[in-house]
Amino acid sequence: MRTVNTSVKKKDSKALVTGKPVFTDDLAPGDCLIVKVLRSPHAHALIRQIDTEKAKNVDGIACILTYRDVPGKRFTMAGQTYPEPSPYDRLILDNRMRFVGDAAAIVAGETEEAVDHALRLIKVDYEVLEPVLDFKKAKDHKVLIHPEENWESLCPVGADNRRNLCASGGEEHGDVEALLKQCDYVVEQVYHTKANQQAMMETFRAYSYLDAYGRLNMVASTQVTFHVRRILAHALDIPKSRIRVIKPRIGGGFGAKQTVVAEVYPAIVTMKTGRAAKIIYSRYESQIASSPRHEMEVRVRVGADKNGILQAIDVYTLSNTGAYGEHGPTTVGLSGHKSIPLYRTPRAFRFAYDVVYTNCMSAGAYRGYGATQGIFAVESAINELAEKIGMDKVKIRELNMVREGDVMPAYYGETLKSCALDRCMAHAKKMMDWDKKYPRIDMGNGKVRGVGVAMAMQGSAISGVDVASVELRLNDDGFYTLMIGASDMGTGCDTTLAQVAADCLECDLDQIVVHGTDTDVSPYDSGSYASSTMYLTGMAVVKACGEMRDKILDKGAEYLSCEKKSLEFDGTRVWQPEGGLEISLKDIGNKVMCFNEKMLSAGASHTSPVSPPPFMVGMAEVEVDQETGEAELIDYVAVVDCGTTINPNLARIQTEGGLAQGIGMALYEDITYTEKGQMQQNSFMQYKLPSRLDIGTIRVEFESSYEPTGPFGAKSIGEIVINTPSPAIADAIANAVGARVRELPVTAEKIYRSKNNK
């Protein structure tokens, strides 16, 4: 391998670190109309009357839109493959407000000052309705969040708007109840995770304009370029052929930009006025009206025999999708399908779920996508089971963990073809010096240190659904252009896909020019989500390069006037080992520019019937003040099996970043609502994100397996890395001071109350 498994620099690194204008707001025309949204102060209300006359008279105001001025066609903002599992429950503007921050009107003007002034002058008469704020009471509540007749669910996911259900379902194998009764040890507990914010550096933003052909052009910071085109077509009720979507560089997404949070607002303004328009979400808006992680309550029952061998697992998840159903039916599935399969030994399992509407901010996709919540619950329950048995928590996993060759339970009948989870556990145990530190060390100063452990898995793309495509061209002088539809959102896929191409074509990395993503130019790609980019798009690159090599040999045979089968291609030339003939790739690239009827281009798509999981083991060491309950993370070790690491430095950065987010979820990030439905953590003053000083030492290593269905043996890494901190840290705290906290974040107050039974 020339560049695969090598830590080359990102192709765009210099532009990013020198502040070049590459992001959405940098590229927007200077004469764009400024677009802002008037937001509801009520969690549930009907607009009786809305008066915009005074606001329209403000100098510089170009457009004010209410629910009367927009199409009445319902759609979903979820960036998912069509038909979307998420229900069609949105309008661009509606007369029913469903959470504090819901859109009541759109204002566009020449300056931000004019728009802000106009927003203050709009008078809205609301009929305030009873809200449903407690997701535990939402199912079959007398108050309906979506009573409208044109609500629609395109997929059979158990949705029923007359019951406040966005989705409902489950599956079962074996007799769970009978086996649990036979178990020597059983744990039954409920675990609660909150609605975390992705808090990406670049907030939601987009701008739009009409081109010379009257087509709507949308430039947006998005993970799902092609899905944006479809969603806008549905929302605006216009053909997809009239829309072009371009993705520039993204300043972070983490799943938030798999939902079309902002794009519809400048789009409708441009369609109404014919002028370019842009919207830039403030941090406040990104906190109160975005697409955070789904709050979930997960009930786990798990039983083992006297030897610690698991016999049955029962998982029930209640998920709060909030006011709208984006990603509600799909995130919940991962809470069971990415936690139960970690264990090979249970003879029975059951997984059931309900996803409910409430009058809270609508949830969406966030790195880990439901697996994070489910793994916190199941791994915490396994740790509690080990305590009950009196068994080392590493030992119980060594006895029960899934291994290569297993048919994974609750994982769609897939056989595990690549797995280094056992080696990850052994490596992490050694890094942490587990046997010396487990379960606790009294520091003698009122503080105790404890260690905790958790395992995790994710997936690699959505099996049988997602599609990735690339197009490859040979240019004059023999360099290549690689057109991709995947969205690089800071992960470095522009670089890693070029590494794959360079190895397949036996050329230098600089000979691969990567371009993307533009719906008019790029080949179709489902988008950068579900840990799919390297696994799916990487295989499309491998296929396209194979086709390109074949076409280069065809041209070489034509130009050398010999049989193709006598020739070889070594990346720089086509040559005849036995006859001495050769022609350089540079000459082939130049010759096809004259008197030629066949383009030297190749295109390939790839999908997969399987979703091979990456695996990870995380271990945390914390220090807890016994008097106050304050917990400090001292050390975190992580060992990851992502198959072949295409770029070790980028893989390490992905892991460290995901761990930092997971640590924030475990210890700091909290969401609370007032009794009127106002989200209280509406800025970074209230919403505590961990700084570098808060996350202690992070140490990352890799244990590679080889995935036969992935490019060069690679699997995914993007999401797996966020899943272990919450259960590992909660377990370390429990081992240190005996305080088992089952609701995230694990704060000093909760530790103190648990420790003192208050």
Side-chain angles (χ1 to χ4, degrees), residues 7 199 367-368 372 375-376 379 383 393-394 423-456 614-626 628-642 645 648-669 688-703 717-737 741 744-748 751:
S7 296
R367 192 179 205 165
T372 318
I375 286 171
F376 168 65
E379 286 297 278
N383 284 328
K393 293 165 183 179
V394 168
R423 286 185 277 124
C424 289
M425 182 64 74
H427 196 159
K429 183 179 179 181
K430 184 177 180 180
M431 290 172 69
M432 181 55 77
D433 202 1
W434 178 267
D435 289 336
K436 284 187 177 180
K437 295 179 179 179
Y438 178 78
R440 71 186 64 83
I441 298 174
D442 193 325
M443 304 303 291
N445 58 355
K447 296 182 179 181
V448 180
R449 290 191 178 184
V451 291
V453 61
M455 305 189 306
F615 294 95
M616 179 175 177
V617 171
M619 289 185 177
E621 181 179 9
V622 300
E623 184 173 271
V624 184
D625 188 311
Q626 295 191 82
T628 65
E630 182 181 5
E632 179 185 357
L633 181 63
I634 303 299
D635 190 18
Y636 200 95
V637 302
V639 185
V640 185
D641 163 23
C642 59
T645 51
N649 269 1
L650 293 182
R652 187 175 301 278
I653 290 167
Q654 282 267 45
T655 307
E656 291 173 351
L659 289 173
Q661 288 181 308
I663 291 164
M665 178 180 179
L667 292 174
Y668 301 104
E669 299 174 43
K688 170 61 175 171
L689 291 171
S691 72
R692 183 63 188 88
L693 299 176
D694 297 315
I695 60 174
T697 300
I698 292 179
R699 295 182 286 148
V700 175
E701 297 293 342
F702 297 94
E703 283 287 345
I717 194 172
E719 294 181 277
I720 178 71
V721 293
I722 199 173
N723 291 337
T724 59
S726 292
I729 290 170
D731 185 47
I733 291 167
N735 287 337
V737 293
V741 179
L744 298 181
V746 184
T747 61
I751 295 169

Quick one: list whatever passes side-chain hydrogen bond (donor to acceptor under 3.5 Å, both in side chains) with Asp635, sequence neighbours left out. Arg699
Residue pair Glu379 / Pro727: nearest heavy atoms and the distance that separates them: CB-CB, 3.7 Å
Would you list the atom pairs, donor with acceptor, under 3.5 Å between side chains in residues 651-667 and any protein atom, with sequence neighbours excluded?
from   : atom 1 : to     : atom 2 : distance (Å)
Arg652 : NH1    : Val700 : O      : 2.5
Gln654 : OE1    : Arg367 : NH2    : 2.9
Thr655 : OG1    : Ala651 : O      : 2.8
Gln661 : OE1    : Arg367 : NH1    : 2.8

When every non-hydrogen atom of Val640 is compared with those of Cys424, the smallest separation belongs to C-SG, 3.9 Å
Could you tell me which non-hydrogen atom of Ala199 sits nearest to which non-hydrogen atom of Leu689, and how far apart they are? CB-CD1, 3.7 Å
To check you understand the geometry: which heavy-atom pair defines the closest contact between Val741 and Phe376, and what is its length? O-CZ, 4.3 Å
Kindly compute the distance separating CD1 (Ile751) from CG (Asp625), expressed to the nearest 0.5 Å. 10.0 Å
Only counting residues at least two apart or in another chain, list the ones meeting side-chain hydrogen bond (donor to acceptor under 3.5 Å, both in side chains) with Asp641. Ser705, Lys715
Are the side chains of Val394 and Met619 in contact, using a 4.5 Å heavy-atom criterion? yes
For residues 427-434, which side-chain N or O atoms pair as donor and acceptor with protein atoms under 3.5 Å away, sequence neighbours left out?
from   : atom 1 : to     : atom 2 : distance (Å)
His427 : ND1    : Glu703 : OE2    : 3.0
Trp434 : NE1    : Asp392 : OD1    : 3.2
Trp434 : NE1    : Asp392 : OD2    : 3.2

Which heavy-atom pair separates Pro614 from Cys642 by the least distance, and what is that distance? CB-CA, 4.3 Å
Residues forming a ring-ring contact (aromatic ring centres under 6.0 Å, His included) with Phe702, sequence neighbours excluded: none
Please enumerate all residues that pass side-chain hydrogen bond (donor to acceptor under 3.5 Å, both in side chains) together with Ser691, with sequence neighbours excluded. Asp694
So, using side-chain hydrogen bond (donor to acceptor under 3.5 Å, both in side chains) as the criterion, who are the partners of Thr724 when residues are at least two apart? Tyr636
Check: Pro690 and Glu669 side chains under 4.5 Å, non-hydrogen atoms: yes
Any residue meeting salt bridge (Lys or Arg N to Asp or Glu O under 4.0 Å) with Glu621, in chain and number order, not counting sequence neighbours: Lys437, Arg449
Val448 vs Asn735 side-chain heavy atoms within contact, under 4.5 Å: no
Of all residues at least two apart in sequence or in a different chain, which pass the salt bridge (Lys or Arg N to Asp or Glu O under 4.0 Å) check with Asp731? Lys393, Arg740
